[in-house]
Amino acid sequence: MRAISSMATRHVLADLLAASEAAGLPPVEMESVGGVDAASRVAAGEPFDLVFLADDALRRLADDGHVDAASLTPLVLSQVAVAVPADDSVGSPPEGAAFADAAGVRTALRDASRIGSSTGPSGTALARMIDEWGMTGELDGRLVQARPGIPVAKLLADGEVDLGFQQLSELVGQPGIRILGVLPPDCAIDTVFSGAVATVCAGPASARRILGFLASDATVGIRIAHSFATP
């Protein structure tokens, strides 16, 4: 079987699909690209069997008839975290949330010279939140969106930005950065990533069985190991 996913879930899906194959289900050849690119390729009719994207992106594809809406299966919940370059002098990272509340996040945004975000759902949500706070004009010229397929961690490590926002799972283990923590509850950005069977899938029954396994209790440990929660 052939599948496509966004970059945000490539590592956890690799382990989930390996566990699925070990459980006797059909092997899946996975390709991971930027989420926008993945959705465009599915919409163009490229022959994938399974599609793994942010839940809202999958629902749009379902509405347009590119994936089977009835097969849509939530798999993992991702929290957006905040990071700085590894040599930043902010001090020791706190436990839990990066800041006490939304006011602390706004202060950090104002103090940052360059702010990195992704092209995926976390970046879209961050831009919307900044706009709702009335800070878009204030931060004009300081917001840097990572190029498709480039993680925010690389922007931080390369010195292109001094404050970065992306899914915790994308930041964990990346060199050259220090994770401060997830966003506080009053401005948390959580994204559910789901899987669905493409309408052009040649073996939809087998694809559904794979999705069922990926969402099962048997895979909870894998999700936790990759800093994802169960949706």
Note to self: Looking at every non-hydrogen atom in both residues, tell me the closest pair between S118 and S122 and how far apart they are.
What the structure shows: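 Smallest heavy-atom distance, with atoms named: OG-OG, 3.0 Å.
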
Next item on the list: Taking all non-hydrogen atoms of both residues into account, name the closest pair between S113 and D162 and its distance.
Entry: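 Residues S113 and D162, closest heavy atoms: N-OD2, 3.1 Å.
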
Notebook entry, point to check: Measuring from Q79:CD to L171:CG, what's the distance to the nearest 0.5 Å?
Noted result: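 Result: 12.0 Å between the selected atoms.
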
Notebook entry, point to check: When rounded to the nearest 0.5 angstrom, what is the spacing between CZ in F99 and CG in D186?
Noted result: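 Reported value, rounded in 0.5 Å steps: 12.0 Å.
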
Side-chain donor/acceptor of [X] to backbone N/O of [Y], under 3.5 Å:
X    : Y    : result
D37  : S40  : no
S20  : L16  : no
R208 : S71  : no
D158 : E160 : no
Q166 : V152 : yes
T199 : H66  : yes
T9   : S5   : no

Check: Would you call I115 and V144 a side-chain contact if the rule is heavy atoms closer than 4.5 Å?
Finding: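 Side chain of I115 against side chain of V144, heavy atoms only: no contact under 4.5 Å found.
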
Notebook entry, point to check: Got C187 and M129 here, is their nearest side-chain heavy-atom distance under 4.5 Å?
Noted result: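 Yes, at least one pair of side-chain atoms sits under 4.5 Å.
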
Which atom pairs, one a donor and one an acceptor, fall under 3.5 Å between side chains of residues 42-50 and the rest of the protein, sequence neighbours left out?
residue	atom	partner	partner atom	Å
E46	OE1	R41	NE	2.9
E46	OE2	R2	NH2	2.8
E46	OE2	R41	NH2	2.8
D49	OD1	A202	N	3.3
D49	OD2	R2	N	2.8

What pairs of donor and acceptor atoms, side-chain ones from residues 224-231 against any protein atom, are under 3.5 angstrom apart with sequence neighbours left out?
residue	atom	partner	partner atom	Å
H226	NE2	D15	OD2	2.7
T230	OG1	R223	NH1	2.9

Check: Between the side chains of T191 and S78, does any donor sit under 3.5 Å from an acceptor?
Finding: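 No, no side-chain donor-acceptor contact under 3.5 Å.
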
Margin query: Using the rule given for side-chain contact (heavy atoms from CB on, under 4.5 Å), can you reason through I210 versus V28, listing the C-alpha separation, both sets of side-chain angles and the distance that settles it, and then say yes or no?
Written below: CA-CA 9 Å; I210 291 171; V28 177; 3.7 Å; yes

Item checked: Partners passing salt bridge (charged side-chain N to carboxylate O under 4.0 Å, His left out) against D55 (at least two apart in sequence or in another chain) ->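 By the salt bridge (charged side-chain N to carboxylate O under 4.0 Å, His left out) rule, D55 matches R59.
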
Next item on the list: May I have the step-by-step check of side-chain contact (heavy atoms from CB on, under 4.5 Å) for M30 and L17, ending in yes or no?
Entry: CA-CA 9 Å; M30 171 65 66; L17 290 170; 3.4 Å; yes

Check: Is it true that atom CD of E31 has more than 12 heavy atoms of other residues, nucleotides or ligands lying nearer than 6.0 Å?
Finding: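 Enclosed.
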
Check: Does atom CG of D111 have more than 12 heavy-atom neighbours from other groups under 6.0 Å away?
Finding: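 Correct, the count exceeds 12.
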
Note to self: Please determine whether side-chain contact (heavy atoms from CB on, under 4.5 Å) holds for the pair I177 and V84, giving the CA-CA distance in whole Å, both sets of side-chain angles, and the decisive distance to 0.1 Å.
What the structure shows: CA-CA 6 Å; I177 70 166; V84 294; over 6 Å; no

Notebook entry, point to check: Are the charged groups of R110 and E138 less than 4.0 angstrom apart, N to O?
Noted result: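 Counted as a salt bridge, because a side-chain N and a carboxylate O are separated by less than 4.0 Å.
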
Item checked: Charged N-O contact under 4.0 Å between D87 and R178 ->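 Looking at D87 and R178, the cut-off is not met.
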
Note to self: Out of the candidates L155, L143, L163, V161, only one should pair with R114 under the side-chain contact (heavy atoms from CB on, under 4.5 Å) rule; please name it.
What the structure shows: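 Output: one option passes, namely V161.
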
Next item on the list: Start with the C-alpha distance between R10 and E170, add both sets of side-chain angles, then the distance that settles salt bridge (charged side-chain N to carboxylate O under 4.0 Å, His left out), and finish with yes or no.
Entry: CA-CA 9 Å; R10 65 192 184 280; E170 280 288 274; 3.0 Å; yes

